Protein chains: 2
Amino acid sequence: MHGNTGVRAKMTFGEFKEMTMVSMDEICRDIFRENRHSIKIKKEETVVRNLVNIFNATLKLSNEKGFRTMTLRDLCAETGLSMGALYSYISSKDELLDIIQSQGRRITEKVLMERINSAEGPRERLSMAVHTHLYLSEVMQKWFFFSYMETKNLDRRVHGSAKEAELFTEKIFVDILIQGKEGGLFRQGDPVLTASMIKAMLQDWYLKRWKYKKRNISVEEYATNVVDMIESYILAE
Amino acid sequence: MHGNTGVRAKMTFGEFKEMTMVSMDEICRDIFRENRHSIKIKKEETVVRNLVNIFNATLKLSNEKGFRTMTLRDLCAETGLSMGALYSYISSKDELLDIIQSQGRRITEKVLMERINSAEGPRERLSMAVHTHLYLSEVMQKWFFFSYMETKNLDRRVHGSAKEAELFTEKIFVDILIQGKEGGLFRQGDPVLTASMIKAMLQDWYLKRWKYKKRNISVEEYATNVVDMIESYILAE
DNA sequence: GTCTATAGTGCGATAGAC
DNA sequence: GTCTATCGCACTATAGAC
């Protein structure tokens with residue numbers, strides 16, 4: 001390995017969870033406040049409780065068979081709500097998809113930026129970015145999987161914003177890699193191509209969760225492995 | 001970089017295409033011969049011509065909006081066939097999906113094994129496996145993308161065989177990595193985890209084709225980059 | 001071998017009682 | 001705030017003329 005000279009102790013997954021507190025409850029409260037116009041029900045507690053229920057059920061069913069294949073009747077069975085009640089919280093099936101997509105992306109961007117900016121120096125920032133992205137996708141695995149898989153079914157406008165999101169996270173890594181190259185610390189590889197490789201490895205974690213679970217590989221082990229591989233490449237003489 | 005000492009000149013994409021000749025025509029001829037029972041039409045030339053048409057259209061539409069969202073009326077419009085004619089070649093929409101999936105997997109496995117067995121020594125075999133997989137997914141990009149994206153919509157039996165296919169290709173890399181470790185050539189990394197990382201990078205090529213196209217990155221460049229990154233990791237002292 | 005016409009099903013969405 | 005009942009539609013699949 002390349003050793004960890006100068007790199008502070010890594011953040012564990014447990015520490016991350018305590019630190020960020022991404023709770024479904026809070027997310028749904030935000031969604032309610034932003035979408036008051038299209039939600040018929042007025043009592044906040046009721047709305048939040050039912051939204052949490054609806055989103056969890058949607059993520060579960062969609063990850064099993066895809067959002068398009070999931071019918072609203074499936075969703076009613078899973079949530080215990082009737083069709084009528086369901087339509088008090090969403091105005092259409094497509095809107096449900098939109099909300100889940102955009103909310104997931106916003107949280108990702110917010111948490112990623114906050115955590116990365118707390119680290120100094122290219123190596124620390126790179127490690128932090130990798131760890132944060134993996135930990136976040138572990139906490140919100142279903143959300144990440146959903147977002148990745150359902151992107152292609154959207155219309156052109158929304159499909160474009162999914163590509164933007166892909167490039168946004170990639171750019172975070174590109175910037176760190178360029179910074180490291182300018183400082184003379186990272187010596188190998190094209191930053192853009194290297195960032196793509198990193199993203200590919202990060203995505204594999206939530207896209208093939210079944211594989212890593214079966215092998216008892218923890219998210220920390222996986223993160224270490226990714227950082228080691230990237231570093232052995234970019235730090236090579 | 002780690003240099004190419006002892007590694008023969010890389011196969012170019014052009015050479016690969018000439019060598020393998022995976023033609024849609026041949027594939028459809030095979031499909032016809034294996035599915036004579038469920039195809040109502042008897043004249044081979046007609047069947048092959050229409051099957052090529054149907055498969056190309058299915059891949060095009062599915063990659064745009066997903067197999068489930070694509071209706072058979074969309075497919076009729078794209079192929080120029082009527083509903084009645086379409087149903088002379090396939091017995092159901094699900095069967096169409098099954099045929100495309102299994103045929104794609106079979107070709108992948110066949111070509112991969114043939115090419116890899118033609119290389120000697122762990123480094124050559126690793127490079128050959130990476131190049132062959134990338135070149136193959138370039139020739140059959142739509143097929144690979146389709147297969148990856150539509151896997152989740154299948155029933156449990158077929159979903160299981162998709163996981164098997166994932167593990168099959170992965171095992172090819174695991175075996176090469178173990179071989180290299182036993183010979184003392186590869187010194188770093190857990191073979192199973194490293195193989196997963198390699199697969200992740202290979203898949204990114206056909207899943208984000210739009211990204212690499214926009215950046216004018218050729219499949220040869222990409223292959224070189226992947227091999228370099230892996231080698232810098234496993235060959236590190 | 002290909003067509004048009006249509007049967008039969010199950011979907012998303014809504015109205016109105018409670 | 002939640003329910004049941006139902007509308008209208010678009011889908012897969014088939015029958016039968018040509």
Side-chain angles (χ1 to χ4, degrees), chain A residues 28-29 31-32 35-55 57-58 61-62 64-100 150 153-155, chain B residues 28-29 31-32 35-55 57-58 61-62 64-100 150 153-155:
Chain A
C28 289
R29 213 169 290 275
I31 292 174
F32 170 59
N35 294 280
R36 273 210 165 80
H37 57 282
S38 62
I39 295 174
K40 294 188 189 76
I41 316 299
K42 291 301 149 206
K43 222 173 93 197
E44 181 160 318
E45 289 318 306
T46 312
V47 175
V48 170
R49 191 185 64 244
N50 278 318
L51 280 182
V52 170
N53 189 5
I54 292 169
F55 289 138
T58 305
L61 295 173
S62 294
E64 279 168 14
K65 49 176 161 177
F67 183 77
R68 233 81 218 184
T69 311
M70 172 196 82
T71 70
L72 292 185
R73 284 176 176 82
D74 291 338
L75 192 54
C76 288
E78 184 70 29
T79 55
L81 293 168
S82 65
M83 283 293 265
L86 188 62
Y87 269 90
S88 303
Y89 299 97
I90 57 164
S91 61
S92 76
K93 195 185 173 190
D94 279 345
E95 195 217 37
L96 176 61
L97 188 144
D98 272 9
I99 291 178
I100 296 183
E150 303 305 337
N153 293 334
L154 308 175
D155 65 36
Chain B
C28 290
R29 212 169 291 274
I31 292 173
F32 170 58
N35 294 279
R36 273 212 163 81
H37 58 282
S38 63
I39 297 174
K40 291 189 191 75
I41 315 301
K42 292 301 151 206
K43 222 173 96 196
E44 181 160 321
E45 289 317 307
T46 313
V47 175
V48 171
R49 190 185 66 243
N50 278 319
L51 279 182
V52 170
N53 189 4
I54 292 168
F55 289 137
T58 304
L61 295 173
S62 294
E64 278 166 16
K65 48 175 158 179
F67 182 78
R68 233 78 216 184
T69 312
M70 172 197 81
T71 70
L72 293 184
R73 282 180 176 80
D74 292 337
L75 194 54
C76 288
E78 184 69 29
T79 54
L81 294 169
S82 66
M83 283 293 265
L86 188 61
Y87 269 92
S88 303
Y89 298 98
I90 57 163
S91 61
S92 77
K93 197 187 173 189
D94 280 344
E95 194 216 37
L96 176 60
L97 188 144
D98 272 8
I99 291 177
I100 295 182
E150 303 303 339
N153 293 334
L154 309 176
D155 65 38

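Everything numeric in this text was worked out from a predicted model, so none of it was measured. Just so we're on the same page: letters track the sequence lines, and every chain starts at 1.
- Not counting sequence neighbours, the partners of B/R49 by the side chain to side chain contact (heavy atoms under 4.5 Å, CB included) test are B/T46.
- OP1 and OP2 of C/dG1 both lie 4.0 Å or more from every side-chain N or O belonging to B/Y89.
- A straight line from CD1 of B/I39 to P of C/dT2 spans 13 Å, rounded to a whole angstrom.
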Ignoring hydrogens and angles, write down the donor-acceptor pairs under 3.5 Å from the side chains of residues 83-90 of chain B, residues two or more places apart or on other chains.
| unit_1 | atom_1 | unit_2 | atom_2 | d |
| --- | --- | --- | --- | --- |
| B/S88 | OG | B/G84 | O | 3.2 |
| B/S88 | OG | B/A85 | O | 3.4 |
| B/Y89 | OH | B/N50 | ND2 | 2.8 |

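- In terms of the side chain to side chain contact (heavy atoms under 4.5 Å, CB included) criterion, residue partners of A/T71 (sequence neighbours excluded) are, by chain and number, A/R73, A/D74.
- With hydrogens and angles ignored, the 3.5 Å screen pairs no side-chain donor or acceptor of A/K40 with any backbone N or O of A/H37.
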- line: With sugar-phosphate taken as primed atoms, P, OP1 and OP2 and all else as base, the protein-contact string of nucleotides 12-18 of chain D at under 4.0 Å (heavy atoms; B, S, -) is BBB----
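- Rounded to an integer number of Å, the gap from A/E45 CD to D/dG1 C1' is 15 Å.
- For A/E78, the side chain to side chain contact (heavy atoms under 4.5 Å, CB included) partners two or more places apart in sequence, or in a different chain, are A/A57, A/K60, A/L61.
- Remark: B/N50 is not in phosphate contact with C/dG1, judged by side-chain N or O atoms under 4.0 Å from OP1 or OP2.
- Listed by first and then second residue, the salt bridge (Lys or Arg N to Asp or Glu O under 4.0 Å) pairs that reach into residues 84-96 of chain B are B/R68-B/D94, sequence neighbours excluded.
- Which of C/dG1, D/dG1, C/dC3 sits closest to the side chain of B/K43 comes down to C/dG1.
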